Structure formats: C-alpha cells, structure tokens
Number of protein chains: 2
Amino acid sequence: MEAGSDVDVCAKWSETLRVYHNTSCELENELQSRHDLGLSEFEVLLILGRTCGDQAEGKAKMKDIEAEMYLSQSALSRTVTRLEKAGLVTRAACDFDRRANFLMLTPSGRERFEAAKPTHRAVLVKHLTVPGDSQRAEACS
Amino acid sequence: MEAGSDVDVCAKWSETLRVYHNTSCELENELQSRHDLGLSEFEVLLILGRTCGDQAEGKAKMKDIEAEMYLSQSALSRTVTRLEKAGLVTRAACDFDRRANFLMLTPSGRERFEAAKPTHRAVLVKHLTVPGDSQRAEACS
DNA sequence: GAAACTTACATGCACGCGCATTGGATGTCA
DNA sequence: TGACATCCAATGCGCGTGCATGTAAGTTTC
C-alpha cells in the first residue's frame, strides 16, 4: 500500500484536487461574503497577524511574505495594494534597506483579521477533519 | 494522531496547499512547453481519452465533462473552444437533445493526448510518490 | 397547444494571476 | 568616482476564471 503505481498516483492527485478545490472555494466564498476579504488577502493578514503574535509589532517584509505564500511577486504587490486601500495594512519603508518595504497591520486590519479567523478555521475543520475523529474541533481557541 | 485540532488542521491544509501548487504549476509548465496544452485543456482530453478507451468512440457530453472537472460551465465552454480551434476536438450536436453537445477527439487530438500522457504521469509520480517507496514508478505503461 | 419553467451552452464583463519590464536603491570592482 | 550587476517593488499586458445574462431547446402544466 501507499505505492506509486499509476492508479495510486492518479487517485492521490484526484483526492488532492478534490480537497483543494472544495476547501479553497468555500474559504473564498465565506471570507468574501462574511468579511469582505479574498483568500489571498486573508493569507497576508494571517502572516502579519502571526508575526505580530511574536511581539514583532505586526511587521513583515514583502519578500518574507512572498516566500511564505504561493503567490507571485506582482500578485502580492497588488494584494497588498488592495489591503492598503481598504485601510487594513500600511506600507512603511525599511530604514536599513530602502529597497525593501515593511508591511504593518492597522488596528482596523487586526480587528478584521480576528473576526475572520474563526471563519477560516471552521472551513478548514469542516473539510480536513476525518469524519470518524473523536476530537472536539470547535472547543479550542 | 490524525486529530482535528487547530494545529493539525492548519498543518494538513499547508501540506495540501504545498502539494497542490507545486504539482499543478509543474503540470501547467510541462504540458504547456512540451505539448502546447494548458492544464484544463489536458484534463478535457484526459476525460475524452478515457471515455474513448471504453470503446465509446471518444464522445462525451459537455455536461458530463463539466461534472468531472472543477471548472465552471463557462470556463469549460471556452476551454473546448480553444481545443476546437487547435483542431484537437470537434463539437457535434446531439440527435436526441439538440441543446446538448457531444465532444469528440480528433485523430490529431488523440495523438497530442497520447504524447502528453507520459509527461502528465511523470509529474504526478514526481510529486505524489513517497520518497521511501520501493516501486519502480517509471516502468509502467 | 400555449404559457411558464427548466436545461444546455455561449458570451459580456470584471477580476486576480503570472510574466516581462521598469525604476529606484545597493553592492562591487576597477 | 564611474560602470555594471543585483535586488526590491510596482506596473503594463494578456490570459483564464467565475458570475450574470442571453438564446435556443426541451419539459411541464393547464
């Protein structure tokens, strides 16, 4: 079992495709309708929010964010532009290297992010939890 | 193990994202550069080719194809238009229900599909095979 | 059999993406 | 200091996608 024969590889790919599409479509829809956020936009907030949790003041360099996402440099640039227009994020020049930009969560951005987090988590739990599992998915932070 | 706690669900989603993006990007690139086919286009050929293998003459109804793909009706329509312009596929009206279209592989389409199949399989094997596996991935049809 | 509804497919439109290019800031070497 | 390579981010462009809509064909109801 767990072999790499043609059939198995195809089946594995089909399953990956199924999970990916179902999950990302619902993520997109839920985040959009409930919080007016696209999936890419939320993911940027997620990285900023996580960094912020480390007491790093919610800053992150564009390049570092790009490295953590499956998004081209140009797409990230535009995603950040959208977030900036929505007032959720601010660009700030880096003192050390003026080629680079820092990105910072605004209070409004943090608020929106915290509101959207449960929605995000709920969709993941719904699609990625094995049915027979006996854990209490909705009982944690 | 295999629980649905926050951390586990996030890790599972990260892994799915990683596998999906790496695989689909390379599929797209390889199919495009080697066979001048987009991923969606190949997937349509795959369905037609598979049906054809059943001696069903390589026909399939648009609706049936749509049901097997993670693609909207409009996107499928345009994908088929591209395939038709490339001469790989023909649309044929259905006798029974003139709203419906059959889709058929042309000889050229079958040829292109057969040429692309190994490329497709190779990418899947590369990304979806567990490293420690002891099977001979490249030895099968 | 006419009207109302449903289904199959195509198309107008807006949007997000990747690629290629540009422009500005650094770094390097002579 | 000047010339050149490198790096970061923004932008022009084309493309594929989904949503909403349009058109034609089939189905249902009376």
Side-chain angles (χ1 to χ4, degrees), chain A residues 17 20-33 36-45 47 59-86 89-104, chain B residues 17 20-33 36-45 47 59-86 89-104:
Chain A
L17 237 38
Y20 173 79
H21 273 103
N22 290 342
T23 308
S24 64
C25 284
E26 187 162 345
L27 272 178
E28 184 78 49
N29 292 338
E30 292 291 291
L31 290 172
Q32 192 61 252
S33 61
D36 196 33
L37 284 173
L39 182 49
S40 296
E41 285 150 37
F42 177 81
E43 282 170 352
V44 170
L45 295 187
I47 291 173
K59 285 184 180 179
K61 276 193 286 194
M62 291 285 281
K63 273 293 156 189
D64 295 339
I65 295 175
E66 186 188 338
E68 294 196 51
M69 294 182 65
Y70 298 97
L71 207 54
S72 69
Q73 179 267 321
S74 64
L76 174 60
S77 177
R78 286 183 230 263
T79 301
V80 169
T81 299
R82 289 193 297 274
L83 287 169
E84 201 177 23
K85 276 182 186 163
V89 133
T90 38
R91 287 187 226 247
C94 172
D95 299 333
F96 301 54
D97 183 348
R98 288 206 312 236
R99 292 170 302 183
N101 273 359
F102 273 117
L103 220 60
M104 295 182 52
Chain B
L17 236 39
Y20 172 80
H21 273 102
N22 290 343
T23 308
S24 65
C25 283
E26 187 163 344
L27 272 179
E28 184 77 50
N29 292 337
E30 291 291 289
L31 290 173
Q32 191 61 252
S33 61
D36 195 34
L37 284 173
L39 183 48
S40 295
E41 284 149 38
F42 177 81
E43 282 170 351
V44 170
L45 296 187
I47 291 172
K59 285 186 181 179
K61 276 192 285 193
M62 292 284 281
K63 274 293 155 189
D64 296 340
I65 295 175
E66 186 188 339
E68 294 196 51
M69 295 182 66
Y70 297 97
L71 206 54
S72 68
Q73 179 268 320
S74 64
L76 175 61
S77 175
R78 287 183 231 263
T79 300
V80 168
T81 300
R82 290 193 296 274
L83 286 169
E84 201 176 23
K85 275 182 185 164
V89 134
T90 38
R91 286 186 226 246
C94 171
D95 299 333
F96 300 52
D97 183 347
R98 286 207 312 234
R99 293 169 304 179
N101 274 356
F102 274 117
L103 222 58
M104 294 182 54

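Naming convention: chains lettered A, B, ... in sequence-line order (proteins, then strands); numbering from 1 in each chain. Predicted, not measured: the structure shown is a model, and the values here were computed from it.
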Expected output: side-chain A:Thr81 to main-chain A:Ser77 donor-acceptor under 3.5 Å: yes
Protein-nucleotide distance (A:Ile65, atom CD1; D:dA10, atom P), rounded to Å: 11 Å
Sugar-phosphate, base or nothing in reach of A:Thr81, heavy atoms under 4.0 Å: nothing
A:Tyr20 OH to D:dT17 P, straight-line distance once rounded to whole Å: 13 Å
Nearest-Å distance for atom pair CG/C1', residues B:Leu76 and D:dC19: 16 Å
Whichever of A:Ala100 and A:Ala75 has its nearest DNA chain D nucleotide further upstream toward 5': A:Ala100
Salt bridge (charged side-chain N to carboxylate O under 4.0 Å, His left out) against A:Arg82, all qualifying residues, sequence neighbours excluded: A:Glu41
For A:Glu28, salt bridge (charged side-chain N to carboxylate O under 4.0 Å, His left out) partners two or more places apart: none
Nearest-neighbour nucleotide for the B:Asn101 side chain, C:dA10, D:dA10, C:dC17 considered: C:dA10
For B:Arg78, all residues meeting salt bridge (charged side-chain N to carboxylate O under 4.0 Å, His left out), sequence neighbours excluded: none
Nucleotide of D:dT11, C:dG18, D:dT17 approaching A:Ser72 most closely (side-chain heavy atoms): C:dG18
Euclidean distance, atom OH of residue B:Tyr70 to atom C1' of D:dG18 [Å, nearest integer]: 17 Å
Pairwise 5' ranking along DNA chain D for A:Lys61 and A:Asn29, keeping only the more 5' one: A:Lys61
Which nucleotide in D:dG18, C:dC9, D:dC8 has an atom nearest any side-chain atom of B:Arg91: C:dC9
Contact under 4.0 Å: B:Ser40 side-chain N or O vs D:dT17 OP1/OP2: yes
Interatomic distance where CD belongs to A:Glu66 and P belongs to C:dC19 [whole Å]: 11 Å
For A:Asp64, side-chain contact (heavy atoms from CB on, under 4.5 Å) partners two or more places apart: A:Lys61
Contact check, side chains of A:Leu103 and A:Ile47, non-hydrogen atoms, under 4.5 Å: no
Rounded distance (Å) that lies between atom P of D:dT17 and atom CD of A:Glu28: 15 Å
Nearest-Å distance for atom pair CG/P, residues B:Leu39 and D:dC15: 18 Å
Residue-phosphate contact under 4.0 Å: A:Ser77 side-chain N/O, C:dC17 OP1/OP2: no
Using a cut-off of under 3.5 Å, enumerate the N/O to N/O pairs linking the protein to nucleotides 20-29 of chain D.
residue: D:dG26; atom: OP1; partner: B:Arg98; partner atom: N; Å: 2.9

Sugar-phosphate, base or nothing in reach of B:Leu71, heavy atoms under 4.0 Å: sugar-phosphate
Length of the line joining A:Asp64:CG and D:dA9:P, which is rounded to integer Å: 9 Å
Under the salt bridge (charged side-chain N to carboxylate O under 4.0 Å, His left out) test, residues paired with A:Lys63 that sit two or more places apart: A:Glu66
